[in-house]
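Along the sequence shown, the residues carry numbers beginning at 1. Small disclaimer: the values here were computed from a predicted structure and weren't measured. Atoms considered below: every heavy atom in the structure, side chains included; atoms not considered: hydrogens, waters and symmetry mates.
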Amino acid sequence: MIAKKCQRRQKSQKKPRHLGPLDDSWQERLADVVTPLWRLSYEEQLKVKFEAQKKTLQRLESYLQMLNGVNVTTAAPRSEGLCCFLHPIIPSPVISGYRNKSTFSVNRGPDGNPKTVGYYLGTWRDRNMVCVRSNHLKNIPRKHSQVAQYYEVFLRQSPLEPCLLFHEGGYWRELIAHSTSQGHTMGIITFHPQELRQEELCVQKETVKKFFTKGPGAVCDLTSLYFQESTMTCCSHQQSPYQLLSGEPHIFEDLLGLKIRISPDTFFQVNTAGAEILYWTVGELSGVNSNTILLDICCVTGVIGLSLAQYTSWVLGIELVEQVVEDARWTAAFNGITNCEFHTRRAEKILPQLLKSKEDGQLIVAVVNPAQAGLHYQVVQAIRNCGAIHILVFVSCKPHGETTRNITELQTRRLSGHGSWAQPLRGMWDLPGPGHEPVSPASAGRLSTTAPPGKPSYFLKGVEVQLPARSPQQQMEKWGMEG
């Protein structure tokens, strides 16, 4: 019955466009999109990124001066053309094969085969989308490429067609590979169920399980194999649960002396060694001590708060995703950390009440690490209205867009209960690691609610984070640089 459904859908699909064999030109074109700085030495890459960060800061500085109506002056050390000191970028400890998570798409390859697993070249708008194998990319570990290679072998054996466009039908979709320094590997396969009955779905799950446990894919030695049925572009565990087909339900990573539990839904910095430097620097900036409460907003697995728990009196973590909070609680319990609690709600809903209950004379150090959408305005308002917060460390992977909005809101609105303006004392653009990838500075600015108005003196350390793949020209335009 499944084969007949496939035949009907194949007749309605357009004839694949043959674009030629996979040669070095395709591989180089993909490298230019995914890792546009790969032709430069790592030292040259750091110089390019430093200049990009400098331009970002200049634009932000000019915008803030315009809003505040004052010129920023400081006696503190400063970089040329800036009102602050921009530290050189902290180099990544690892610059090749460092990604601990890779997402592989399924689509037509250069030879026209729709069951090709890799990364995209081209755009849907221009109708020139091509899927190119990514085993030659410098940022992808061999283990991930191996899992992708065998997923492609499986697809080409399967009678079911891939789901290239939802309205055209098809079933097999993307593959996600997670790995850790402990040698653990998790594979997650996304599948569009279309109109298959439950017994037909069970057949497909058993088939892919057998392939990766007893068939050719067994060489991948997966620690965990998950299957998710999804009728949407992106689907959380709450919307459609991840189904464990074989192996362990979790994989584990060692970070800053902690054993961290990772689930399919867990967000984890893509460069583990770089994340250690980032979190260590956040701790240095925060200035936590035994008399402070650490508030970790958008805490995901809670690593920042848990790594600093031994230095502070209490850790409060807030995160929206329930499964991720369960990982944070497990990590705390396994590592014997008892001075912490984690809450699963939207930060803008729980933060005002939570902060009000903690205003008992203890000073609060807040760390925010939001997604690219930035902080909700109500979260910013709650932070500004809490007189107990005396330091805020803002971590961001995207210093333009919503982060600029958040920084502007934190800079230009008066604090409730305070007669002064909040001004940045120190800061950092930080997330060591992605090496060759297109990057944007990750910001971590430290704000004081008692700093004198109009006289910020802040220091910034430079490092790198991955952005969605863009062409070199697009990336330079995003950075405000000439091509």
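Checked by atom type, the side-chain pair Gln381/Glu409 shows no donor-acceptor distance below 3.5 Å. With 3.5 Å as the limit, one finds no donor-acceptor pair spanning the side chains of Trp38 and Asn139. Side chains of Asn289 and Tyr311: no donor on one and acceptor on the other come within 3.5 Å. A side-chain N or O of Glu341 and one of Trp314 form a donor-acceptor pair less than 3.5 Å apart. Side-chain polar atoms of Thr281 and Glu284 form no donor-acceptor pair below 3.5 angstrom.
A donor-acceptor distance shorter than 3.5 angstrom exists from the side chain of Glu44 to the backbone of Ser41, with no hydrogens or angles considered. A donor-acceptor pair under 3.5 Å links the side-chain atoms of Gln228 to the main chain of Ser240, judged by distance alone. Side chain of Glu319 to backbone of Val300: a donor-acceptor contact under 3.5 angstrom is found. The closest donor-acceptor contact from the side chain of His390 to the backbone of Ile364 lies under 3.5 Å. Looking at Glu229, its side chain never comes within 3.5 Å of a backbone N or O of Phe191 through a donor-acceptor pair. Under the 3.5 Å distance criterion, the side-chain polar atoms of Glu248 are left unmatched by any main-chain donor or acceptor of Ser224.
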Evaluate Ile297 against Asn369 for side chain to side chain contact (heavy atoms under 4.5 Å, CB included), listing each step before the verdict. CA-CA 7 Å; Ile297 305 171; Asn369 185 13; over 6 Å; no
Does the pair Thr35 and Lys138 meet the rule for a side chain to side chain contact (heavy atoms under 4.5 Å, CB included), with working shown? CA-CA 8 Å; Thr35 56; Lys138 293 184 177 182; 5.8 Å; no
Quick one: do Thr301 and Ile262 satisfy side chain to side chain contact (heavy atoms under 4.5 Å, CB included)? Show the steps, please. CA-CA 8 Å; Thr301 52; Ile262 300 174; 5.8 Å; no
Steps toward salt bridge (Lys or Arg N to Asp or Glu O under 4.0 Å) verdict (Arg39, Asp32): CA-CA 9 Å; Arg39 299 176 190 273; Asp32 286 338; 3.1 Å; yes
Please lay out, stage by stage, how Leu258 and Ser307 fare under the test side chain to side chain contact (heavy atoms under 4.5 Å, CB included). CA-CA 7 Å; Leu258 301 174; Ser307 66; 4.3 Å; yes
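For Arg405, the CZ atom sits in a packed shell: over 12 heavy atoms of surrounding residues, nucleotides or ligands are nearer than 6.0 Å.
A 4.5 Å side-chain heavy-atom check between Glu174 and Thr103 finds at least one atom pair inside the cut-off. Residues Thr331 and Lys259 are not in side-chain contact: their nearest non-hydrogen atoms beyond the backbone lie 4.5 Å or more apart. When side chains are defined from C-beta on, His178 counts as touching Ile251, because their heavy atoms get closer than 4.5 Å. Side-chain contact between Asn135 and Ile140: absent, with no pair of heavy atoms (C-beta onward) separated by less than 4.5 Å. With a 4.5 Å cut-off on side-chain heavy atoms, Met186 and Tyr226 count as touching. At a threshold of 4.5 Å between non-hydrogen side-chain atoms, the residues Pro370 and Phe394 count as touching. Counting only heavy atoms from C-beta outward, the side chains of Leu295 and Val367 never approach each other to under 4.5 Å. Considering only heavy atoms from C-beta on, Leu316 comes within 4.5 Å of Ile293 through its side chain.
Nearest heavy-atom pair, Ser92 versus Asn271, reported as atom, atom and distance to 0.1 Å: OG-ND2, 3.3 Å. In plain terms, the two heavy atoms of His136 and Ala31 that are nearest each other are NE2-N, 4.4 Å. Taking all atoms of both residues into account, the shortest heavy-atom contact from Ser134 to Ser145 is O-OG, 4.1 Å. Residues Lys205 and Leu245 come closest through the heavy atom pair O-CD1, 3.8 Å. The minimum heavy-atom distance between Leu306 and Ala332, with the atom names listed, is CD2-CB, 3.8 Å. Residues Pro141 and Gly97 come closest through the heavy atom pair CB-O, 3.6 Å.
Atom OG1 of Thr213 sits about 11.5 Å away from atom CG of Asp221, to the nearest 0.5 Å. From Cys163, atom SG reaches atom CG of Asn107 across 10.0 Å, with rounding to the nearest 0.5 Å. Here Gln146 contributes atom CD and Lys143 contributes atom NZ; the two are 5.0 Å apart, rounded to the nearest 0.5 Å. Expressed to the nearest 0.5 Å, how far CD of Gln269 lies from CD1 of Ile277 amounts to 12.5 Å. Note that OG of Ser286 is 11.5 Å distant from CG of Leu392, once rounded to the nearest 0.5 Å. Distance CZ/Phe334 to CD1/Ile260: 10.5 Å, rounded to 0.5 Å.
When each of Tyr119, Tyr150, Tyr120, Trp172 is checked for a ring pair (Phe, Tyr, Trp, His ring centres under 6.0 Å) with Phe104, only Tyr119 meets the rule.
Applying the side-chain hydrogen bond (donor to acceptor under 3.5 Å, both in side chains) rule to pairs touching residues 291-300 yields Thr292-Thr312, sequence neighbours excluded. Note on residues 179-193: pairs passing side-chain hydrogen bond (donor to acceptor under 3.5 Å, both in side chains), not counting sequence neighbours, are His144-Ser179, Ser181-Glu253, Gln182-Asp254, His192-Gln194.
The aromatic rings of Phe252 and Trp330 sit tilted, their planes meeting at an angle between 30° and 60°.
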N/O donor-acceptor pairs under 3.5 Å from side chains in residues 320-329, not counting sequence neighbours:
residue: Glu322; atom: OE1; partner: Thr344; partner atom: OG1; Å: 3.2
residue: Asp327; atom: OD1; partner: Arg261; partner atom: NE; Å: 2.8
residue: Asp327; atom: OD1; partner: Arg261; partner atom: NH2; Å: 3.0
residue: Asp327; atom: OD1; partner: Ser263; partner atom: OG; Å: 2.8
residue: Asp327; atom: OD2; partner: Ser263; partner atom: N; Å: 3.4
residue: Asp327; atom: OD2; partner: Ser263; partner atom: OG; Å: 2.7
residue: Asp327; atom: OD2; partner: Thr266; partner atom: OG1; Å: 2.8
residue: Arg329; atom: NH2; partner: Phe342; partner atom: O; Å: 2.7

